[in-house]
2 protein chains.
Amino acid sequence: MGQAQILSRNQQIVLDIIEKANGPLKAYSILFNVQKKGINAPQQIYRALDKLIEIGKIHKIESKNAFVACRNSNCEISKATAFSICESCEMVDEISDVKLSKYLSSFNDKKGTKYKRFNLEFFGLCKKCK
Amino acid sequence: MGQAQILSRNQQIVLDIIEKANGPLKAYSILFNVQKKGINAPQQIYRALDKLIEIGKIHKIESKNAFVACRNSNCEISKATAFSICESCEMVDEISDVKLSKYLSSFNDKKGTKYKRFNLEFFGLCKKCK
DNA sequence: TAACACAGTGTTATAATATAACATATGTTA
DNA sequence: TAACATATGTTATATTATAACACTGTGTTA
Ligand SMILES: [Zn+2]
Ligand SMILES: [Zn+2]
Ligand SMILES: [Zn+2]
Ligand SMILES: [Zn+2]
């Protein structure tokens, strides 16, 4: 566990919106939501997003170009991420499964290469959509 | 194993380029490479890419918005994909590891949900870059 | 044969996602 | 204070992807 991170104004605004959302948010939808707070340009959003990802507060869902808050205090700064994604309602859940995480973190390929980081995305139907 | 798929002209052109490449290709770089063959518009590329993905001939590397040929006759039509990605030289290798694939294909989350599909991306340094 | 469905093509236009570049501001440390 | 790092604001542009529509060829079937 690192120091509690002090966020800048823009970083905090963006994080608040992502944490309040009940699903993944796209960069431009975040932008439209914060224009009343004086943030006007995509750069401002993307810079905040980059920082929030770097410190592990949010994750990018690569298959959706969207962003979710980290709900898992155990995922060490985005080095080992896994998500469950509903193909119908777009819901995303962060998976926190210690066994899975250990299995993948220690995975070696056939040449013995170990990896610094992984991202895993599962697709299916969520409980509600099944 | 399904029927051998007959590809259309554009699909074959796009597949040939991706198969000859020694790394992931971006849609617009494919486009620039086939303009001499009479393909002029992004739509033509994206339609071919969609089809090739659907039939499992290529995969999309989500974190790079790029496309690679499938090197793994065992990966059932893109339902279970895993890649090793070099953070330095951008090289991508498709991982074909039966144990890994079985482990993830049979993974249940805490609520017992099983998934239809997954995509896993490992990041690190390739042999050459280490 | 005509009618139809279906997959693919060609084309123009536009939407959505992301970064470059530069000037300014603010906070921390030497 | 000066030097430095980090963040901000802004304009412009690059990159990635889709919408919409007209058209072609091929096979099915009424
Ligand atoms: Zn997390
Ligand atoms: Zn759902
Ligand atoms: Zn494959
Ligand atoms: Zn490399």
Side-chain angles (χ1 to χ4, degrees), chain A residues 2-18 21 23-68 85 87 90 92 119 121, chain B residues 2-18 21 23-68 85 87 90 92 119 121:
Chain A
Q3 283 272 134
Q5 183 86 24
I6 292 164
L7 298 177
S8 76
R9 181 185 132 83
N10 288 1
Q11 289 157 14
Q12 191 65 60
I13 289 171
V14 169
L15 178 58
D16 286 347
I17 296 224
I18 296 176
L25 289 183
K26 303 231 166 197
Y28 276 74
S29 110
I30 295 169
L31 176 57
F32 299 140
N33 272 281
V34 298
Q35 295 197 312
K36 52 200 165 218
K37 304 217 178 180
I39 298 182
N40 303 299
Q43 267 289 7
Q44 297 174 281
I45 303 299
Y46 282 104
R47 285 198 287 229
L49 291 172
D50 287 347
K51 184 68 178 188
L52 292 168
I53 289 170
E54 185 192 324
I55 64 178
K57 290 288 191 183
I58 66 171
H59 302 297
K60 181 173 188 179
I61 306 301
E62 295 288 357
S63 62
K64 302 174 78 65
N65 297 316
F67 304 86
V68 295
I85 300 169
E87 285 176 311
E90 316 270 278
V92 169
N119 180 54
E121 299 183 359
Chain B
Q3 283 272 133
Q5 184 84 26
I6 291 163
L7 298 177
S8 76
R9 181 185 134 83
N10 288 0
Q11 289 158 13
Q12 192 64 60
I13 289 171
V14 170
L15 179 58
D16 286 347
I17 296 225
I18 296 176
L25 290 183
K26 303 229 165 199
Y28 275 75
S29 109
I30 295 169
L31 176 57
F32 298 140
N33 273 282
V34 298
Q35 295 196 312
K36 53 201 163 217
K37 304 219 176 174
I39 298 183
N40 303 298
Q43 267 289 9
Q44 297 174 283
I45 302 298
Y46 282 104
R47 286 197 285 228
L49 291 172
D50 287 347
K51 184 67 179 186
L52 292 168
I53 289 170
E54 186 193 323
I55 65 178
K57 292 286 190 184
I58 66 172
H59 303 297
K60 181 172 187 181
I61 306 301
E62 295 287 357
S63 61
K64 302 174 79 63
N65 298 315
F67 304 85
V68 294
I85 301 170
E87 286 176 309
E90 316 270 278
V92 170
N119 180 54
E121 299 183 359

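Naming convention: chains lettered A, B, ... in sequence-line order (proteins, then strands); numbering from 1 in each chain.
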Trainee: Is the distance from OP1 or OP2 of D:dT10 to the nearest side-chain N or O of A:Asn40 less than 4.0 Å?
Mentor: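 Affirmative; the distance criterion is met.
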
Trainee: Just to be sure I understand the rule, does A:Gln11 reach a base, reach only the sugar-phosphate, or reach nothing, if contact means heavy atoms closer than 4.0 Å?
Mentor: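 It contacts sugar-phosphate atoms only.
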
Trainee: Atom pairs, N/O to N/O, protein against nucleotides 19-26 of chain C, distance under 3.5 Å?
Mentor:
unit_1: C:dA20; atom_1: N7; unit_2: A:Gln43; atom_2: NE2; d: 2.6
unit_1: C:dA20; atom_1: N6; unit_2: A:Gln43; atom_2: NE2; d: 3.1

Trainee: Strictly below 4.0 Å: does B:Ser8 bring a side-chain N or O up to OP1 or OP2 of C:dT9?
Mentor: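 Yes, B:Ser8 has a side-chain N/O under 4.0 Å of OP1/OP2 on C:dT9.
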
Trainee: Do the side-chain N or O atoms of B:Asn65 get closer than 4.0 angstrom to the phosphate oxygens (OP1, OP2) of D:dA17?
Mentor: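 B:Asn65 to D:dA17 OP1/OP2: side-chain N or O found under 4.0 Å.
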
Trainee: Grab the CD-P distance between B:Glu54 and C:dG8 for me, whole Å please.
Mentor: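 My rounded result for the distance is 8 Å.
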
Trainee: Between C1' on C:dG8 and CD1 on B:Ile39, what's the gap in Å once rounded to a whole number?
Mentor: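 Nearest whole value for this atom pair: 12 Å.
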
Trainee: Who passes side chain to side chain donor-acceptor pair (under 3.5 Å) against A:Ser29, sequence neighbours left out?
Mentor: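 Listed in chain order: nothing, the list is empty.
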
Trainee: Please identify each residue that fulfils side chain to side chain contact (heavy atoms under 4.5 Å, CB included) with B:Gln43, with sequence neighbours left out.
Mentor: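 With sequence neighbours excluded, B:Gln43 shows a side chain to side chain contact (heavy atoms under 4.5 Å, CB included) to B:Arg47, given in chain and number order.
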
Trainee: Please report, rounded to the nearest Å, how far the P atom of D:dG25 is from the CD1 atom of B:Ile6.
Mentor: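 So the two atoms are 19 Å apart, to the nearest Å.
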
Trainee: Spell out, as yes or no, whether a donor-acceptor pair under 3.5 Å connects the side chain of A:Asn65 to the backbone of A:Ser63.
Mentor: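 The answer is no, because no donor-acceptor pair under 3.5 Å joins these two groups.
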
Trainee: Using whole Å, what does the distance between atom C1' of nucleotide D:dA17 and atom CD1 of B:Ile30 come to?
Mentor: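 These atoms are roughly 13 Å apart.
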
Trainee: Test of understanding: with side chain to side chain donor-acceptor pair (under 3.5 Å), list the residues that count as partners of B:Asp16, not counting sequence neighbours.
Mentor: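 Once residues adjacent in sequence are excluded, the partners of B:Asp16 under the side chain to side chain donor-acceptor pair (under 3.5 Å) criterion are B:Gln12.
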
Trainee: Separation of B:Leu49 atom CG from C:dG8 atom P, in whole Å?
Mentor: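 These atoms are roughly 14 Å apart.
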
Trainee: What is the distance, rounded to the nearest whole Å, between atom CD of B:Gln35 and atom P of C:dT9?
Mentor: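 So the two atoms are 17 Å apart, to the nearest Å.
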
Trainee: Starting from P on C:dA18, measure out to NZ on A:Lys51 and report it in whole angstrom.
Mentor: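 So the two atoms are 20 Å apart, to the nearest Å.
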
Trainee: In whole angstrom, give the distance that lies between atom CZ of B:Arg9 and atom P of D:dG25.
Mentor: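 Computing the B:Arg9:CZ to D:dG25:P distance gives 14 Å.
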
Trainee: Just N and O in the side chain of B:Gln44: are any of them under 4.0 Å from OP1 or OP2 of C:dT9?
Mentor: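 B:Gln44 to C:dT9 OP1/OP2: no side-chain N or O under 4.0 Å.
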
Trainee: Are side-chain heavy atoms of B:Lys26 and B:Leu31 found at a separation under 4.5 Å?
Mentor: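 B:Lys26 does not reach B:Leu31 side chain to side chain.
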
Trainee: Residues two or more places apart in sequence or in another chain: which of them pass side chain to side chain contact (heavy atoms under 4.5 Å, CB included) with B:Glu87?
Mentor: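 In terms of side chain to side chain contact (heavy atoms under 4.5 Å, CB included), with neighbours along the sequence ignored, B:Glu87 is linked to A:Lys116, A:Arg117, B:Phe123.
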
Trainee: Tell me what B:Lys60 touches on the nucleic acid: a base, only sugar-phosphate, or nothing, going by heavy atoms under 4.0 Å.
Mentor: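 The residue B:Lys60 makes sugar-phosphate contact but no base contact.
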
Trainee: Taking side chain to side chain contact (heavy atoms under 4.5 Å, CB included) as the test, write out the residues that go with A:Ile58, two or more places apart.
Mentor: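 Per chain and number, A:Ile58 pairs via side chain to side chain contact (heavy atoms under 4.5 Å, CB included) with A:Leu15, A:Ile18, A:Leu49, A:Leu52, A:Ile53, A:Phe67.
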
Trainee: Give a yes/no on whether any side-chain N or O of A:Lys26 is located under 4.0 angstrom from OP1 or OP2 of C:dT17.
Mentor: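 Result: yes.
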
